[in-house]
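The block underneath contains the structure these notes are about, expressed in structure tokens.
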Number of protein chains: 2
Amino acid sequence: MRKIYNCDPGCPVQSTLQFISGKWKTVIMYHLFKNSKLRFSELQRKLPYVNKRMLSKQLLELEKDNIIHKEIYPVVPVKTEYTLTNFGKSFEPIVNAMEIWGENFNQNSKRDH
Amino acid sequence: MRKIYNCDPGCPVQSTLQFISGKWKTVIMYHLFKNSKLRFSELQRKLPYVNKRMLSKQLLELEKDNIIHKEIYPVVPVKTEYTLTNFGKSFEPIVNAMEIWGENFNQNSKRDH
DNA sequence: TCACTTAGGGACTAATTATTCACCTACTTT
DNA sequence: AAAGTAGGTGAATAATTAGTCCCTAAGTGA
């Protein structure tokens with residue numbers, strides 16, 4: 001279980017971190033911003049370094065926090081689809097800023113090498 | 001030791017996370033953006049829920065990653081000052097976005113209650 | 001009938017992070 | 001001489017995260 005820190009009322013960054021701290025959450029959200037709808041196996045392919053147990057756990061937490069929505073289709077074999085909720089979408093500026101920073105960094109690393 | 005994940009080359013968010021994941025890093029950076037220069041004890045006061053061992057470790061990592069700069073004044077008792085490097089400052093859009101999101105969230109929580 | 005499919009869950013262990021607590025330096029104040 | 005100060009560090013422990021391996025459901029195709 002995640003511990004929710006009793007944030008210093010003056011610290012908005014802390015409030016934000018409650019939801020998105022964790023190593024994979026923003027990455028998952030990033031892929032959902034890019035694709036809007038992804039199946040479990042598609043997410044697995046996009047995050048090959050995260051094993052499925054972990055991925056599953058992170059998705060559960062994101063769902064519990066109402067950041068993503070899971071739709072289960074009772075077909076065989078079963079199919080699931082994950083989408084961002086409106087609440088989840090409110091994190092877009094943050095994920096965007098992270099994306100931009102990372103792209104820049106990757107560019108510079110390539111050049112400097 | 002932090003593990004640096006061999007990022008999927010296509011995942012800029014991962015690149016970003018290498019530097020700022022961790023529970024307190026962005027909070028520390030946030031305070032340094034607000035104040036530009038802070039002593040160890042001032043940071044302690046701003047993050048009362050983080051003990052100083054942890055604070056010290058996070059500061060060390062941030063310094064190692066060249067995100068902050070530490071200036072030691074050899075007076076008695078010793079005095080230190082932390083500032084953001086230029087590299088550290090490049091994270092401003094991210095920390096800003098987190099600040100804005102958190103402020104909004106705090107506002108809404110207040111209203112909804 | 002056997003194997004294969006997708007999307008996980010359960011039990012367990014390993015690795016990493018966070019936290020506590022006591023201790024240090026080198027001088028100043030009481 | 002004892003206590004206080006700022007800014008830490010080391011050892012030990014607690015808590016959290018990550019990873020492995022095996023299991024299930026309910027068809028489909030060979």
Side-chain angles (χ1 to χ4, degrees), chain A residues 1-8 11 14 17-28 31-32 35 37-65 68-83, chain B residues 1-8 11 14 17-28 31-32 35 37-65 68-83:
Chain A
M1 289 312 103
R2 267 164 321 143
K3 191 154 144 205
I4 300 294
Y5 289 87
N6 43 335
C7 310
D8 184 11
C11 188
Q14 269 294 289
L17 278 175
Q18 301 182 287
F19 296 102
I20 59 166
S21 89
K23 246 172 212 152
W24 316 115
K25 289 194 181 169
T26 44
V27 187
I28 293 170
H31 287 296
L32 284 172
N35 299 278
K37 185 185 286 188
L38 285 171
R39 301 181 57 169
F40 188 82
S41 53
E42 291 174 319
L43 278 165
Q44 268 193 91
R45 272 192 292 283
K46 291 193 183 297
L47 291 91
Y49 36 87
V50 185
N51 73 34
K52 66 188 188 126
R53 186 82 182 82
M54 205 58 225
L55 180 55
S56 154
K57 277 185 175 180
Q58 297 287 306
L59 288 169
L60 265 178
E61 277 194 9
L62 286 168
E63 201 192 346
K64 214 172 49 195
D65 282 344
I68 61 175
H69 169 73
K70 167 156 97 173
E71 191 75 37
I72 304 175
Y73 298 90
V75 295
V76 169
V78 70
K79 170 179 171 177
T80 51
E81 274 178 352
Y82 292 92
T83 47
Chain B
M1 288 309 102
R2 264 165 322 143
K3 191 153 142 207
I4 301 294
Y5 289 86
N6 43 336
C7 311
D8 183 12
C11 187
Q14 269 293 291
L17 277 175
Q18 300 183 287
F19 296 102
I20 59 167
S21 90
K23 247 173 211 151
W24 317 114
K25 288 194 182 168
T26 44
V27 188
I28 293 170
H31 287 295
L32 285 172
N35 299 278
K37 185 185 287 188
L38 285 171
R39 300 181 58 167
F40 188 82
S41 53
E42 292 174 318
L43 278 165
Q44 269 192 91
R45 271 192 292 281
K46 292 194 182 294
L47 292 91
Y49 37 86
V50 186
N51 71 36
K52 64 190 188 127
R53 185 80 182 85
M54 204 58 224
L55 180 56
S56 154
K57 276 186 173 179
Q58 298 287 305
L59 288 169
L60 266 177
E61 277 194 9
L62 286 168
E63 201 193 346
K64 215 171 50 195
D65 282 344
I68 61 174
H69 169 74
K70 168 156 96 172
E71 191 75 37
I72 304 176
Y73 298 90
V75 293
V76 169
V78 70
K79 170 178 170 178
T80 52
E81 275 179 350
Y82 293 93
T83 48

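Order of the sequence lines fixes the chain letters, A, B, ..., with proteins taken first and strands second; residue numbering starts at 1 for each chain.
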Please report the closest heavy-atom contact between A/Lys52 and A/Phe40, naming both atoms and the distance.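 What the structure gives for the nearest pair is O-CZ, 3.8 Å.
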
Is [X] close enough to [N] that one of its side-chain N or O atoms is under 4.0 Å from OP1 or OP2 there?
X: B/Asn51; N: C/dT19; result: no
X: A/Gln58; N: D/dT17; result: no
X: A/Trp24; N: D/dT17; result: no

Measure the [atom1]-[atom2] distance between [X] and [Y] for me, rounded to the nearest 0.5 Å.
X: B/Lys25; Y: B/Glu61; atom1: NZ; atom2: CD; value: 4.0 Å
X: A/Leu32; Y: A/Ile68; atom1: CG; atom2: CD1; value: 6.5 Å
X: B/Tyr82; Y: B/His31; atom1: OH; atom2: NE2; value: 15.0 Å
X: B/Glu81; Y: B/Glu42; atom1: CD; atom2: CD; value: 7.5 Å
X: B/Lys57; Y: B/Trp24; atom1: NZ; atom2: CH2; value: 13.5 Å
X: A/Leu47; Y: A/Ile28; atom1: CG; atom2: CD1; value: 6.0 Å

Does a salt bridge link B/Lys37 with B/Glu71, judged by any charged N lying under 4.0 Å from a carboxylate O?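 Answer for the salt bridge query: no.
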
Sole candidate of A/Asn35, A/Leu55, A/Val27, A/Val50 that passes side chain to side chain contact (heavy atoms under 4.5 Å, CB included) when paired with A/Leu43: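 With A/Leu43 as partner, side chain to side chain contact (heavy atoms under 4.5 Å, CB included) holds for just one option, A/Leu55.
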
What is the bend of the helix from C/dT1-D/dA30 to C/dT30-D/dA1 when you compare the axis at one end with the axis at the other, using five pairs each and rounding to 10°?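 Roughly 20° between the end axes, to the nearest 10°.
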
Spacing between [X] atom [atom1] and [N] atom [atom2], to the nearest angstrom:
X: A/Leu38; N: C/dA7; atom1: CG; atom2: C1'; answer: 15 Å
X: A/Leu55; N: C/dG8; atom1: CG; atom2: P; answer: 9 Å
X: B/Lys23; N: D/dA15; atom1: NZ; atom2: P; answer: 12 Å
X: A/Ile68; N: C/dA7; atom1: CD1; atom2: P; answer: 14 Å
X: A/Lys25; N: D/dT16; atom1: NZ; atom2: P; answer: 13 Å
X: A/Glu61; N: D/dA18; atom1: CD; atom2: C1'; answer: 13 Å

Would you list the protein and nucleotides 7-14 of chain D atom pairs, both N or O, that sit under 3.5 Å from each other?
| from | atom 1 | to | atom 2 | distance (Å) |
| --- | --- | --- | --- | --- |
| D/dG7 | OP1 | B/Arg39 | NE | 3.1 |
| D/dG7 | OP1 | B/Arg39 | NH2 | 3.1 |
| D/dG7 | OP1 | B/Thr80 | N | 3.2 |
| D/dG7 | OP2 | B/Ser41 | N | 3.1 |
| D/dG7 | OP2 | B/Ser41 | OG | 2.8 |
| D/dG8 | OP1 | B/Lys70 | NZ | 2.9 |
| D/dG8 | OP2 | B/Thr80 | OG1 | 2.9 |
| D/dG8 | OP2 | B/Tyr82 | OH | 2.7 |
| D/dG8 | N7 | B/Lys52 | NZ | 2.2 |
| D/dG8 | O6 | B/Lys52 | NZ | 2.5 |
| D/dT9 | OP2 | B/Ser56 | OG | 2.5 |
| D/dG10 | N7 | B/Arg53 | NE | 3.2 |
| D/dG10 | N7 | B/Arg53 | NH2 | 3.2 |
| D/dG10 | O6 | B/Arg53 | NE | 3.0 |
| D/dA11 | N6 | B/Arg53 | NE | 3.4 |

Please pick, from C/dT6, C/dA18, D/dA18, the nucleotide with the shortest atom-to-atom distance to any side-chain atom of A/Pro77.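 Between C/dT6, C/dA18, D/dA18, the one nearest the side chain of A/Pro77 would be C/dT6.
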
Can you identify which nucleotide, out of D/dG27, C/dA18, C/dA26, has its nearest atom closest to the A/Val76 side chain?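 The answer is D/dG27, which lies nearest to the side chain.
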
